[in-house]
Number of protein chains: 2
Amino acid sequence: MRPAPERRREILDTAAEVFAAQGYDATTVRRIADAAGLLAGSLYHHFDSKESMLDEILRAFLDELWVRYDAVLAALLGPRETLEALVTESFREIDRHRAAVAIYQKESGHLREQPRFGYLAGSRRRFEEAWLRTLERGVATGAFRTDLDVRLTYRFVRDTVWVAASWYRPGGQHSPEEIARQYLSTVLEGVALRDGHRTHE
Amino acid sequence: MRPAPERRREILDTAAEVFAAQGYDATTVRRIADAAGLLAGSLYHHFDSKESMLDEILRAFLDELWVRYDAVLAALLGPRETLEALVTESFREIDRHRAAVAIYQKESGHLREQPRFGYLAGSRRRFEEAWLRTLERGVATGAFRTDLDVRLTYRFVRDTVWVAASWYRPGGQHSPEEIARQYLSTVLEGVALRDGHRTHE
DNA sequence: TAACCTACCAAACACTTGTTAGGGAAGGAG
DNA sequence: CTCCTTCCCTAACAAGTGTTTGGTAGGTTA
């Protein structure tokens with residue numbers, strides 16, 4: 001009997017979808033079971049609690065995210081190229097784990113305080129550090145404007161990237177790479193039309 | 001006996017704070033009562049349901065927001081000035097109604113579907129319309145780049161502005177106007193240092 | 001065939017939820 | 001003083017919550 005753990009994945013994906021749509025607390029285990037086509041009690045054959053499902057969803061997302069982020073950071077690109085790569089990987093991650101990102105975005109704020117979800121705080125710290133360092137390097141090397149408040153800029157960039165999970169739909173008319181390009185163009189070059197008139201490309 | 005409705009307002013502010021911190025569904029009426037210094041049942045002397053509190057919080061926020069937005073739109077400024085004014089008013093609104101904005105940001109997605117909160121959808125439409133029109137005017141008059149995807153830009157701007165409610169703390173080191181200026185500088189001029197070297201001011 | 005496993009159901013569990021009913025203390029109004 | 005209103009408490013309610021327990025259908029293994 002081998003083809004077993006497929007059902008588990010299926011249920012977990014369903015749970016992620018419902019969590020993302022309704023919010024974790026507003027979601028009942030009966031609702032999840034319903035959507036997955038079994039009864040509430042049967043969920044506990046696969047998982048040992050509702051919280052465990054949430055935990056597993058968030059961990060899978062963060063693990064994959066950090067594999068990609070670490071690859072980018074290890075490449076030691078210039079600050080502008082690093083920023084471009086991080087943004088692009090973020091939108092790709094939204095494409096793959098839309099539900100998980102939406103959940104993270106909505107719930108991580110108060111989950112962070114629970115001991116079980118302490119790793120969220122850790123991830124957040126690494127995240128902030130990577131971005132701040134990149135922005136500061138850019139200011140130092142002259143790639144970015146020197147009058148930037150890097151902390152504010154970090155928040156703006158972070159928010160805009162991740163909130164996209166709330167409206168992005170995979171298979172829509174924009175690929176993740178296209179969205180990343182548009183976004184980078186906005187944040188790097190600005191929206192205003194300039195005298196010199198050098199719009200991108 | 002006149003000094004009555006002050007307590008009501010006090011309780012409502014407390015509720016907003018707790019809703020914002022924990023999420024609406026995760027918040028119990030006993031928790032609200034606790035924070036406000038009375039017992040759960042006593043809340044029903046002032047309000048007729050937990051949902052009513054949420055409703056009143058969101059309505060108060062949106063009503064005030066639209067007074068300000070309408071004033072800006074009625075002034076018939078140029079597209080760039082309109083965008084600047086809208087962003088500034090948004091950050092001011094976050095300064096005044098931080099909790100309400102955070103709740104709106106977190107919950108409006110699924111509340112919109114309930115009939116009682118249908119006005120959220122209406123507000124969202126007006127909001128989108130105002131922003132899209134401004135961006136399109138800017139592209140048409142040459143104030144903004146002509147290669148903008150206005151719809152994507154709208155989403156970026158909208159998200160970045162409102163998510164600020166999740167990290168902004170009134171009385172911090174940045175005034176709403178200062179944040180607005182920094183943000184506008186980023187979104188209008190971009191982060192990249194240019195050949196011409198015209199950073200703002 | 002018999003033993004065994006996985007995936008599920010049926011039914012109940014203890015607990016928490018939002019909400020209600022009835023009463024009481026405080027204070028202004030007559 | 002008495003009446004009345006405001007604000008709150010005590011105590012309970014029914015409904016819904018996450019979870020457990022015991023059992024069973026059906027395929028796999030021996």
Side-chain angles (χ1 to χ4, degrees), chain A residues 1-59 99 103 106-107 110-111 113-117, chain B residues 1-59 99 103 106-107 110-111 113-117:
Chain A
M1 181 163 290
R2 265 312 83 70
E6 206 153 313
R7 181 71 171 133
R8 183 191 163 85
R9 166 72 68 130
E10 199 180 324
I11 295 174
L12 205 58
D13 286 351
T14 308
E17 222 59 55
V18 185
F19 285 158
Q22 325 236 355
Y24 172 72
D25 291 280
T27 300
T28 73
V29 296
R30 284 166 236 271
R31 180 102 182 64
I32 299 175
D34 234 44
L38 38 68
L39 288 186
S42 308
L43 287 175
Y44 291 80
H45 174 67
H46 300 276
F47 310 92
D48 44 68
S49 73
K50 180 188 174 189
E51 207 181 66
S52 291
M53 299 191 220
L54 177 61
D55 190 59
E56 207 166 323
I57 291 168
L58 291 177
R59 282 200 133 94
I103 298 169
K106 247 191 250 181
E107 318 281 353
H110 62 274
L111 285 179
E113 292 160 20
Q114 277 176 258
R116 171 165 198 176
F117 294 95
Chain B
M1 184 166 284
R2 266 313 79 71
E6 207 154 312
R7 181 72 171 129
R8 184 191 164 86
R9 163 73 68 129
E10 199 179 324
I11 295 174
L12 205 59
D13 286 351
T14 307
E17 222 60 55
V18 184
F19 284 157
Q22 326 236 355
Y24 173 73
D25 290 281
T27 300
T28 73
V29 296
R30 284 168 237 270
R31 178 101 183 63
I32 299 174
D34 235 43
L38 38 69
L39 287 186
S42 308
L43 287 175
Y44 291 79
H45 174 68
H46 299 275
F47 309 92
D48 44 67
S49 75
K50 180 189 173 188
E51 209 181 64
S52 292
M53 298 190 220
L54 176 61
D55 190 58
E56 205 166 324
I57 291 167
L58 291 177
R59 283 200 134 94
I103 298 169
K106 249 191 244 178
E107 318 283 352
H110 61 273
L111 285 179
E113 292 160 20
Q114 278 175 256
R116 171 164 198 176
F117 294 94

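Reminder, nothing fancy here: chain letters follow the sequence lines and each chain counts from 1.
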Between [N] ([atom2]) and [X] ([atom1]): distance, integer Å:
| X | N | atom1 | atom2 | answer |
| --- | --- | --- | --- | --- |
| A:Leu39 | D:dG18 | CG | C1' | 15 Å |
| B:Glu51 | C:dT19 | CD | P | 8 Å |
| A:Asp25 | D:dG18 | CG | P | 9 Å |
| B:Asp34 | C:dG18 | CG | P | 13 Å |
| B:Ile32 | C:dT19 | CD1 | P | 10 Å |
| B:Leu43 | D:dC9 | CG | C1' | 12 Å |
| A:Tyr44 | D:dG18 | OH | C1' | 4 Å |
| B:Phe47 | C:dG18 | CZ | P | 15 Å |

Margin query: Given C:dC8, D:dG18, C:dT19, identify the nucleotide with an atom nearest to the side chain of B:Ala40.
Written below: C:dT19
Check: Cation over ring, B:Lys50 on B:Tyr44, under 6.0 Å and within 45°?
Finding: no
Notebook entry, point to check: Checking only heavy atoms, does the side chain of A:Arg30 share a donor-acceptor pair with the base of D:dG18 at less than 3.5 Å?
Noted result: yes
Distance below 4.0 Å between [X] side-chain N/O and [N] OP1 or OP2:
| X | N | result |
| --- | --- | --- |
| B:His46 | D:dC8 | yes |
| A:His45 | C:dA7 | yes |
| B:Arg8 | D:dT6 | no |

Check: If only atom types and distance count, is the side chain of B:Glu107 paired as donor or acceptor with the main-chain N or O of B:Tyr24 below 3.5 Å?
Finding: yes
Notebook entry, point to check: So, B:Ser42 side chain and B:Leu38 main chain: donor-acceptor pair closer than 3.5 Å or not?
Noted result: no
Next item on the list: State whether a side-chain donor-acceptor pair under 3.5 Å links B:Arg116 with B:Ser52.
Entry: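 There is such a pair between these side chains.
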Determine the contact category for [X]: base if any of its heavy atoms lies under 4.0 Å from a base atom, sugar-phosphate if only primed atoms, P, OP1 or OP2 are that close, otherwise nothing.
| X | result |
| --- | --- |
| B:Ser42 | base |
| A:Thr27 | sugar-phosphate |
| A:Leu38 | sugar-phosphate |

Notebook entry, point to check: Should the pair B:Asp34-B:Arg30 be classified as a salt bridge under the 4.0 Å nitrogen-to-oxygen rule?
Noted result: no
